[in-house]
Colleague: 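Can you keep this structure in mind? I'll have questions shortly.
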Amino acid sequence: MIQNNQDSREQYEEWHINYNKNIVNKDELKLMTWHKTVLDILLKDNITGKKMLEVGCGNGDFSNYLSLHHKAAITGVDFSNESIKIANQKKEHFNTITALFDVADAEKLPFEKEEFDIVISCECLEHVPHPQKMIDELYRVVKKGGQVILTTENYSNAYAYYIAFTKLTGKKFDSGSSVQPIEHFFVFWRIVKKFKKAGFKKVQTYSKQYVLLLVPGKAPDTFTIKETQSKFLRFLLKPFGRRYTYLAIK
C-alpha cells in the first residue's frame with residue numbers, strides 16, 4: 001500500500017489520464033449512482049446559500065451539476081491536475097459560475113476551520129493513503145452542526161470472496177473502474193467508528209444495492225437486489241450493501 005502522498009499524487013495523475021482517455025465528454029455532466037444517493041439527502045433541505053465543498057470531485061460532474069441546477073456555491077477539489085483541468089472545462093461550457101475547482105490533498109485541505117456548511121465526498125476515501133486523516137480533515141473544515149455526506153465501498157458482502165480470490169491468485173483488484181493505485185477494503189461499521197473518532201456526534205448510514213452471491217462467469221450484479229421498498233428487507237439486507245452513504249453531523 002502506498003503511504004507517501006507525493007507518490008500517491010503522481011500515480012493518481014497517471015491513472016486519471018489513462019482513465020479519461022476514452023470516457024470524457026466535456027459537454028456532458030454524468031451523475032453516477034452514488035451522486036444520486038447524495039442528492040436525495042441534500043435536497044431534503046434547501047441548499048441555496050449554503051457554502052459547500054466536494055472532496056475528490058474527479059472531473060467535476062457533480063459539483064458542476066449542483067451549481068447548474070441548484071445554484072450551489074460549491075468548491076470541488078481533487079488530487080489530480082488532469083481532473084481539475086477537465087472540471088474547469090466543463091465549468092466554462094456550462095457556465096457554472098457558482099462552482100470553483102482546485103487541486104488539493106484530501107488529507108491536508110487548504111481551508112480554514114469550520115469554513116463549510118456541507119462537505120461531500122464520493123468514492124474517494126478508499127483511495128487515499130490514510131483514511132482517518134481525511135475524515136479528520138472533513139471534520140475540521142465543516143461548521144458545527146454542519147453535514148458531511150460521504151460514499152464509499154463496503155465489503156461485508158459477497159465481494160469479500162472476490163477480494164480473497166485476488167489475494168490467493170495474486171491478481172490485482174478491480175472494483176469496476178480499473179485497478180487503482182490505492183484500494184482500501186472497508187466494512188461499514190469501521191467507517192462509522194472513524195467518523196466517531198474524528199468527533200462527529202451523529203452518523204447515519206444508507207445502502208440500496210445488496211450483493212448476495214458472486215458466481216464465476218456471471219456479471220457481478222446477477223445475484224444483487226438493487227432496491228426494495230420493504231423496510232424489513234432493508235433492515236435484513238443492510239449488512240450486505242455494496243456501497244454505503246454516510247451522513248455525519250458535527
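No experiment lies behind these values; they were computed from the predicted model shown.
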Colleague: Under 4.5 Å between side-chain heavy atoms, counting indirect links through other Ile/Leu/Val/Met/Phe/Trp/Tyr residues: same cluster for Val203 and Ile191 or not?
Modeller: yes
Colleague: With no hydrogens and no angle check, is any side-chain donor or acceptor of Gln209 less than 3.5 Å from a backbone partner on Arg242?
Modeller: no
Colleague: Ignoring hydrogens and angles, state whether a donor on the side chain of Thr33 or Lys208 is under 3.5 Å from an acceptor on the partner side chain.
Modeller: no
Colleague: Would you name the heavy atoms of Phe186 and Glu153 that are closest together and state the gap between them?
Modeller: CB-O, 3.7 Å
Colleague: Quick one: does Met32's side chain get under 4.5 Å of Lys30's, heavy atoms only?
Modeller: yes
Colleague: Walk me through it: do Val141 and Glu114 pass the test side-chain contact (heavy atoms from CB on, under 4.5 Å)?
Modeller: CA-CA 4 Å; Val141 301; Glu114 298 190 351; over 6 Å; no
Colleague: Among Asp27, Asn59, Asp61, which residue meets the side chain to side chain donor-acceptor pair (under 3.5 Å) test with Lys90?
Modeller: Asp61
Colleague: Are Trp34 and Thr245 close enough, and set up right, to give a side-chain contact (heavy atoms from CB on, under 4.5 Å), and what steps lead you there?
Modeller: CA-CA 8 Å; Trp34 47 85; Thr245 301; 5.8 Å; no
Colleague: Between Met52 and Ile118, is the side-chain contact (heavy atoms from CB on, under 4.5 Å) condition met? List the steps.
Modeller: CA-CA 5 Å; Met52 300 174 62; Ile118 301 170; 4.0 Å; yes
Colleague: His70 versus Leu42: any side-chain heavy-atom pair under 4.5 Å?
Modeller: no
Colleague: Show your working on side-chain contact (heavy atoms from CB on, under 4.5 Å) between Asp102 and Leu100 and close with a plain yes or no.
Modeller: CA-CA 7 Å; Asp102 205 353; Leu100 298 172; over 6 Å; no
Colleague: Could you state the interatomic distance from CD1 (Ile249) to CZ (Phe200), rounded to the nearest 0.5 Å?
Modeller: 9.0 Å
Colleague: State yes or no: do Phe195 and Val142 share one hydrophobic cluster built from I, L, V, M, F, W and Y residues joined by side-chain heavy-atom distances below 4.5 Å, directly or via other members?
Modeller: yes
Colleague: Going hydrophobic residue to hydrophobic residue with side-chain gaps under 4.5 angstrom, can you get from Phe116 over to Met134?
Modeller: yes
Colleague: Just checking Lys133: does its NZ atom have more than 12 heavy atoms from other residues, nucleotides or ligands closer to it than 6.0 angstrom?
Modeller: no
Colleague: Closer than 3.5 angstrom, by distance alone: can the side chain of Arg243 be matched with the main-chain N or O of Glu123 as a donor-acceptor pair?
Modeller: no
Colleague: Who else is in Ile84's hydrophobic cluster (ILVMFWY, side-chain heavy atoms under 4.5 Å, direct or via others)?
Modeller: Phe101, Val103
Colleague: So how far is it from His93 NE2 to Leu68 CG, rounded to the nearest 0.5 Å?
Modeller: 9.5 Å
Colleague: Between Lys143 and Asp117, does any side-chain N to carboxylate O distance fall below 4.0 Å?
Modeller: yes
Colleague: Suppose we screen for side-chain hydrogen bond (donor to acceptor under 3.5 Å, both in side chains). Which residues come up paired with Ser156, at least two apart in sequence or across chains?
Modeller: Asn154
Colleague: Mind listing the closest non-hydrogen atom pair of Ala106 and Val128 along with its distance?
Modeller: CB-CG1, 4.3 Å
Colleague: Distance check, rounded to the nearest 0.5 Å: Thr151 atom OG1 versus Tyr246 atom OH?
Modeller: 9.5 Å
Colleague: So, do Thr205 and Lys238 sit near enough that their side-chain heavy atoms are less than 4.5 Å apart?
Modeller: yes
Colleague: With rounding to the nearest 0.5 angstrom, report the OH to CZ distance, Tyr210 to Arg234.
Modeller: 6.5 Å
Colleague: Distance check, rounded to the nearest 0.5 Å: Ile86 atom CD1 versus Ser80 atom OG?
Modeller: 7.5 Å
Colleague: Would you say Leu233 has more than 12 foreign heavy atoms packed within less than 6.0 Å of its CG?
Modeller: yes
Colleague: For Ser63 and Ala99, work out which heavy atoms get closest and say how close.
Modeller: O-CB, 4.2 Å
Colleague: Count I, L, V, M, F, W, Y as connected when their side-chain heavy atoms are under 4.5 Å apart, and connections chain through other members. Are Leu247 and Leu39 then in the same cluster?
Modeller: yes
Colleague: What orientation do Tyr244 and Phe188 show, parallel under 30°, tilted 30 to 60°, or perpendicular over 60°?
Modeller: parallel
Colleague: Taking all non-hydrogen atoms of both residues into account, name the closest pair between Glu54 and His35 and its distance.
Modeller: OE2-NE2, 4.5 Å
Colleague: Using distance alone, with no hydrogens and no angle criterion, decide if Glu92 and Asn88 have a side-chain donor and acceptor under 3.5 Å apart.
Modeller: no
Colleague: Give the minimum heavy-atom separation between Ala198 and Ile135, together with the two atoms involved.
Modeller: CB-CG2, 3.8 Å
Colleague: For the SG atom of Cys124 and the CG atom of Leu138, what is their distance to the nearest 0.5 Å?
Modeller: 8.5 Å
Colleague: List the atom of His184, the atom of His127, and the distance in Å for their closest heavy-atom pair.
Modeller: CD2-N, 4.5 Å
Colleague: Between Val77 and Ile120, is there shared hydrophobic-cluster membership here, with clusters defined by ILVMFWY side-chain heavy atoms closer than 4.5 Å?
Modeller: no
Colleague: Is any side-chain heavy atom of Asp40 closer than 4.5 Å to one of Tyr206?
Modeller: no
